[in-house]
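What follows is one structure encoded as structure tokens, with my remarks underneath.
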Amino acid sequence: MGYVSSAKKSTTPSGGWSDLWKQEDYWAVWLGLTIVVLAIVFWSNGINFMNWIVLKIPSYSYYSTAISYVSSHMTTLLTLYLFFLILFSIAVKALTGDVKRFLVGFTFLFLLSVLVSVWGSWDVMKRYNIETPLLALVVGLVISNLFKIPYWLSTALQTQFYIKLGIVLMGASLPFTLIVKAGTTAFAQATIIALATFLTIYWTGTRILALDKRFAATLAAGGSICGVSASIAIGGAVKAEKQHVSIAISMVILWSIIMIFILPLAIKALNIPPGPAGAWIGTAEFADAPGMAAAAAINEQAIKTFTLMKVVGRDMFIGIWCFIMAFTSVTRWEKRYVGTKPDALDVWIRFPKFVIGFFVASIIITFLAASPNVVTSKALDNKIINPIIELRNWAFIFTFLSIGLTSRLKDLASVGWKPFAAFTAGVLVNIPLGYLLSVVIMGNYWITVK
């Protein structure tokens, strides 16, 4: 589902009431829904605040044009900065308490995001299909691999929080009827992908490469369910060693970054339509953030089908898989160890709460669109949905910069050949199987998802 930054993290989920303000999943939900509600309240009172704070850099040919545009919208940029800073600081205060360093780090991150947005709007970038999210990743990778990232900046690189917030906001642009309709297809397709990839990595790791069963299961979870979060959750469920969880995370990050570049190129070379392309990315990518970057390199339709496939289809598996793997570990692999036995509560504790926020945001906007008080769907788009989409795009830029700034290629390349071989076996199954399901078998369906 995301990446782990070097900043201080919140406590392990307990399932208790304190998780409501101590877990980033919940804060992504609270802040995402707050933005949606604020947009509705402002609009219903005739206040154009949401359109006023969002800034989308138009395409340009000469830097002087971009500089002039940004200079004339400095008030908007300052308001947008303060809007994000206030909301994020509330969450950071509850999660880590390190607000002062976050203020400094986020200020740098926001300024870097503005520069990336300006650069990404250059018509040369558009000509070569280098979209802003991909550019943000590259800029972050270059910086992190040339310079040491200071601690004051690392506190602002909250990758998982930013991507989860962006996904909650994504729900506001997807009608709930569409999610329900596409959800069964996405879940069925995700089941096939998850089982095939998990079993391939696990079998290769245990039978061919003689890896520890718990280690192989942790690798398999990262490659088949939802990336880093799955590796951490399954690793904890099966009592895997810390080093093994770290290696699984490195594998997810390494292959996710590779896929960000490979998938859009393959999609363009094969001339795959945006709908099936997004669904394929949803099956072939290993984490939400890089998958969103790859989908953003296509278009908005690809982002929607990716979200349906990855978030609705695959991410929802994590609680179920944690329960199954914990049960298997306790009853079959390590009977001699006395540990916490799995129960139904594990499903809820491990379930990604931001997915619920995604659904709630969609339901709110869907009911609003059906309300007789809404003048026109065009007004709803212009005053509420489009501004939320722009805020979502800024959250994604923060995400991709954070990925790059927390990823050192030297560290990713030092995990050993056996884990790499096992994970790669899953990649070799995942990519063609995802293509077969998304483009060949279900292609005509995904094309219709707008």
Side-chain angles (χ1 to χ4, degrees), residues 1-5 7-37 84 87-98 102 155-172 179 221-222 225-237 245 249 252 286-292 307 310-323 326 344-364 391-392 395-396 398-399 402-403 406:
M1 273 181 265
Y3 291 89
V4 177
S5 77
K8 181 183 175 184
K9 304 305 292 181
S10 53
T11 56
T12 304
S14 64
W17 288 105
S18 63
D19 285 351
L20 293 174
W21 62 87
K22 289 184 178 179
Q23 295 300 315
E24 63 186 13
D25 258 31
Y26 282 109
W27 275 106
V29 174
W30 305 145
L31 296 189
L33 295 181
T34 295
I35 291 173
V36 173
V37 171
F84 278 129
L87 288 181
F88 293 166
S89 295
I90 295 171
V92 170
K93 177 65 176 177
L95 292 172
T96 69
D98 204 356
F102 177 81
T155 56
L157 305 181
Q158 302 291 335
T159 307
Q160 291 199 45
F161 174 69
Y162 297 141
I163 188 61
K164 291 170 183 177
L165 173 65
I167 289 174
V168 172
L169 295 178
M170 166 67 76
I179 295 175
I225 308 171
C226 56
V228 168
S229 293
S231 296
I232 295 172
I234 297 298
V245 175
I249 290 171
V252 170
F286 305 102
D288 293 330
M292 196 66 73
T307 303
K310 183 68 171 65
V311 177
V312 179
R314 291 173 67 188
D315 288 359
M316 291 177 66
F317 265 108
I318 188 169
I320 299 171
W321 276 89
C322 278
F323 179 80
L345 182 61
D346 289 339
V347 176
W348 171 249
I349 292 175
R350 299 299 182 181
F351 185 83
K353 310 304 186 300
F354 70 93
V355 175
I356 299 175
F358 168 83
F359 285 133
V360 173
S362 175
I363 292 171
I364 291 173
L391 291 175
R392 178 206 72 189
F396 288 161
F398 301 152
T399 299
S402 297
I403 293 174
T406 54

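Values in this document were obtained by computation on a predicted structure and should not be read as measured data.
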| query | With sequence neighbours excluded, what pairs up with F84 under the ring-ring contact (aromatic ring centres under 6.0 Å, His included) test? | reply | F88, F398

| Between A156 and S402, what is the shortest heavy-atom contact and its length? | O-OG, 4.4 Å

| note | dist T399:OG1 -> Q158:CD (nearest 0.5 Å) comes out at 11.0 Å

| field | Interatomic distance, F396 atom CZ to M170 atom CE [nearest 0.5 angstrom] | value | 5.0 Å

| message | Return the CG to CG distance between D25 and L165, rounded to the nearest 0.5 Å. | response | 12.0 Å

| request: Mind listing the closest non-hydrogen atom pair of A172 and A361 along with its distance? | output: N-CB, 3.9 Å

| field | Nearest-0.5 Å distance, CG of residue L31 to CD1 of residue I90 | value | 7.0 Å

| message | Under the criterion side chain to side chain contact (heavy atoms under 4.5 Å, CB included), I'd like the reasoning laid out for D98 against K93: C-alpha separation, chi angles, the key distance, then a yes or no. | response | CA-CA 6 Å; D98 204 356; K93 177 65 176 177; over 6 Å; no

| task | Report the residues that fulfil ring-ring contact (aromatic ring centres under 6.0 Å, His included) with F102, sequence neighbours left out, ordered by chain and then residue number. | result | F106

| Do T307 and M292 have side-chain heavy atoms sitting under 4.5 Å apart? | yes

| message | Any heavy-atom pair between the side chains of L169 and I35 that's under 4.5 Å? | response | yes

| request: Walk me through it: do I356 and V29 pass the test side chain to side chain contact (heavy atoms under 4.5 Å, CB included)? | output: CA-CA 8 Å; I356 299 175; V29 174; 5.6 Å; no

| message | Using the side chain to side chain contact (heavy atoms under 4.5 Å, CB included) criterion, which residues pair with S362? Sequence neighbours excluded. | response | F176, I179, T366

| Interatomic spacing from CG in L157 to CD1 in I403 - rounded to 0.5 Å | 11.0 Å

| query | Do you know the tightest heavy-atom contact between A28 and F161? | reply | N-CE1, 3.8 Å

